[in-house]
There are 2 protein chains.
Amino acid sequence: MTERFSIGELGRRTGCKVVTIRYYEQIGLLDAPERGEGGHRVYERAHLDRLSFIRRARDLGFSHDDIRSLLTLSTGPAAGPCQAVDHVAAAHLDAVRAKISDLRRLELILVSVLDQCGRTTVEACCVLDALRAPSAEDGVRPAFVTTV
Amino acid sequence: MTERFSIGELGRRTGCKVVTIRYYEQIGLLDAPERGEGGHRVYERAHLDRLSFIRRARDLGFSHDDIRSLLTLSTGPAAGPCQAVDHVAAAHLDAVRAKISDLRRLELILVSVLDQCGRTTVEACCVLDALRAPSAEDGVRPAFVTTV
DNA sequence: TATACGATCTATAGTCCCTATAGGTTCAAG
DNA sequence: CTTGAACCTATAGGGACTATAGATCGTATA
């Protein structure tokens, strides 16, 4: 009695959008399943497990490349060492921490700028001042933040 | 004696890559400059100021849309109120703070997972465990982090 | 003056991780 | 049998760039 689900059901069980599942298949993160008579995808337990893994890893911010490594490692020799896994996770943790400290610096600057600026004019606006000339906190040149 | 610079010089003075300057022109963030005889871009003081503004705003994590607003506001009536500017900055600060708290949650989870996992096997790896089944911190389903 | 080399030009595609749209087909309930 | 939800493919978009290719320009040196 093998369980078999449609793409919609798989999506519901993993909290993953249908389009995203198809996208994961397209980029080779999730195996292409068999097709039913009408051409609809028919998934099995293994797909559910793998997609759950992928989703949890994404929730933790791992990139697709990281996830590929983790999946390969997780299906490798069960008795083998897990150093490589730890390494991926540790590198990710470093990246998370770096991002946090970047954002904290940003937060401080924004707070200090906003604090000074109480309903003044455009001419005297502290926020705009901070952008018009090198900021008070000199040497602020992060060059890292792409999206917030 | 109007100052005039090449794109390379402008890049050097603003810490902005040449390709990025051309890109900003393409998306209408920076005005297209005049061209010299050979077709090379010739920039003036106003471009330098505007690009500096843009770069500082990017360093602070403002989006292109935010920057467009800020630029419009900064060139508006000098005696007008700067509430709108403050509003953009305050909204951005909120976004930065939200991102920080997201990342901190991630950090905690990664730390706790990595702490438990001392050179074990793939089979017993805590990191992989956290991905294979719902994590110890139950209800972890951020659905927010895209890039770190 | 010839030449070499760096700086510039345009146009296009790729990155990351999806999301959205259009237009068609299949499935399941009533 | 009909309706409507779910499914299918293919393609384009988004944000903020980055990379590549192939051509032209400008300038310093021999």
Side-chain angles (χ1 to χ4, degrees), chain A residues 4-30 32-43 47 51 54-71 92 95 99 102 142-148, chain B residues 4-30 32-43 47 51 54-71 92 95 99 102 142-148:
Chain A
R4 322 192 108 227
F5 348 94
S6 68
I7 195 168
E9 183 61 24
L10 183 64
R12 242 165 280 127
R13 296 200 189 199
T14 54
C16 186
K17 291 186 184 169
V18 166
V19 280
T20 308
I21 297 174
R22 284 197 283 253
Y23 167 71
Y24 286 164
E25 178 183 323
Q26 194 186 305
I27 63 169
L29 211 49
L30 190 64
E34 285 178 32
R35 298 294 182 113
E37 302 219 341
H40 289 195
R41 290 169 177 82
V42 179
Y43 292 95
H47 294 104
L51 183 55
I54 293 169
R55 280 279 95 191
R56 282 194 268 272
R58 286 296 302 134
D59 285 346
L60 290 176
F62 287 100
S63 70
H64 286 174
D65 269 1
D66 284 346
I67 295 175
R68 262 182 248 274
S69 304
L70 292 171
L71 280 166
H92 181 50
K99 189 76 184 180
D102 285 352
F144 46 73
V145 177
T146 51
T147 45
V148 177
Chain B
R4 323 191 106 228
F5 345 97
S6 68
I7 195 168
E9 184 59 25
L10 184 62
R12 241 166 280 126
R13 296 199 189 199
T14 54
C16 186
K17 292 186 183 169
V18 166
V19 279
T20 307
I21 297 174
R22 284 197 282 253
Y23 166 70
Y24 286 164
E25 180 182 323
Q26 193 186 306
I27 63 169
L29 212 49
L30 191 64
E34 285 178 33
R35 299 294 182 115
E37 302 220 340
H40 289 194
R41 289 168 177 83
V42 180
Y43 292 96
H47 294 103
L51 183 55
I54 294 170
R55 280 278 94 191
R56 289 198 197 93
R58 286 295 302 134
D59 285 346
L60 290 176
F62 287 100
S63 70
H64 286 173
D65 270 1
D66 283 346
I67 295 174
R68 262 182 248 274
S69 304
L70 291 171
L71 280 166
H92 182 49
K99 188 78 183 180
D102 284 353
F144 46 73
V145 177
T146 51
T147 45
V148 176

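Here is the naming used below: chain letters follow the sequence lines, and residue numbers restart at 1 for every chain.
- By the 4.5 Å heavy-atom criterion applied to side chains, B/Arg68 and B/Ile27 are counted as neighbours.
- Among the protein residues, A/Arg12 comes within range of no part of the nucleic acid, since none of its heavy atoms lies under 4.0 Å from any strand.
- A sub-4.0 Å separation between OP1 or OP2 of C/dT8 and a side-chain N or O of B/Ser6 is present.
- B/Ile21 places its CD1 atom 16 Å from the P atom of D/dA19, with the value rounded to the nearest Å.
- Within 4.0 Å of A/Arg41, counting heavy atoms only, lie sugar-phosphate atoms of the nucleic acid but no base atom.
- With rounding to whole Å, B/Ile7 atom CD1 is found 5 Å from C/dC9 atom P.
- Which of D/dA16, C/dC17, C/dC18 sits closest to the side chain of A/Arg55 comes down to C/dC18.
- Counting any heavy atom pair closer than 4.0 Å across all strands shown, A/Ile27 reaches no nucleic acid atom.
- Here the C1' atom of nucleotide D/dA16 and the CG atom of B/Leu30 are 15 Å apart, to the nearest Å.
- Residues A/Val42 and A/Gln26 each lie close to DNA chain D; by heavy-atom proximity, the contact nearer the 5' end of the strand is made by A/Val42.
- Proximity of A/Tyr24 to the phosphate of C/dC18: a side-chain N or O atom is located under 4.0 Å from OP1 or OP2.
- Going from atom CG of B/Asp59 over to atom P of D/dA16 covers 14 Å, rounded to whole Å.
- With A/His92 contributing its side chain and A/Asp66 its backbone, the two residues share no donor-acceptor pair below 3.5 Å.
- The separation between A/Glu25 atom CD and D/dC8 atom C1' is 12 Å, rounded to whole Å.
- Between A/Tyr23 and A/Gly38, the residue whose closest nucleotide on DNA chain C is further toward the 5' end is A/Tyr23.
- B/Glu9 places its CD atom 9 Å from the P atom of C/dT8, with the value rounded to the nearest Å.
- Residue B/Ser63 places its side chain closer to D/dA16 than to any other of D/dA16, D/dT9, C/dT19.
- Between B/Asp65 atom CG and D/dC17 atom P the separation is 13 Å, expressed in whole Å.
- Between A/Thr14 and A/Ile54, every side-chain heavy-atom pair lies at or beyond the 4.5 Å cut-off.
- Between A/Arg12 and A/Glu9 a salt bridge is recorded (basic side-chain N to carboxylate O distance below 4.0 Å).
- Across D/dT18, C/dC17, D/dC8, the shortest atom-to-atom separation from the side chain of A/His64 is found for C/dC17.
- Phosphate proximity of D/dC25 to B/His40: absent, as no side-chain N or O sits under 4.0 Å from OP1 or OP2.
- In terms of phosphate contacts, B/Thr20 brings no side-chain nitrogen or oxygen within less than 4.0 Å of OP1 or OP2 of D/dA16.
- Closest non-hydrogen pair, A/Tyr24 versus A/Cys16, comes out as CE1-SG, 4.1 Å.
- Between A/Arg22 and D/dC8, a side-chain N or O to OP1/OP2 separation shorter than 4.0 Å is present.
- Contact check for B/Pro33 versus B/Arg4: no side-chain heavy atoms found under the 4.5 Å cut-off.
- Within the 4.0 Å cut-off from OP1 or OP2 of C/dC18, at least one side-chain nitrogen or oxygen of A/Arg58 is found.
- Regarding B/Glu37, its CD atom lies at a distance of 11 Å from the P atom of D/dT27, rounded to whole Å.
- Checked against D/dC8, C/dC18, C/dC9, the side chain of A/Arg35 finds its nearest nucleotide in D/dC8.
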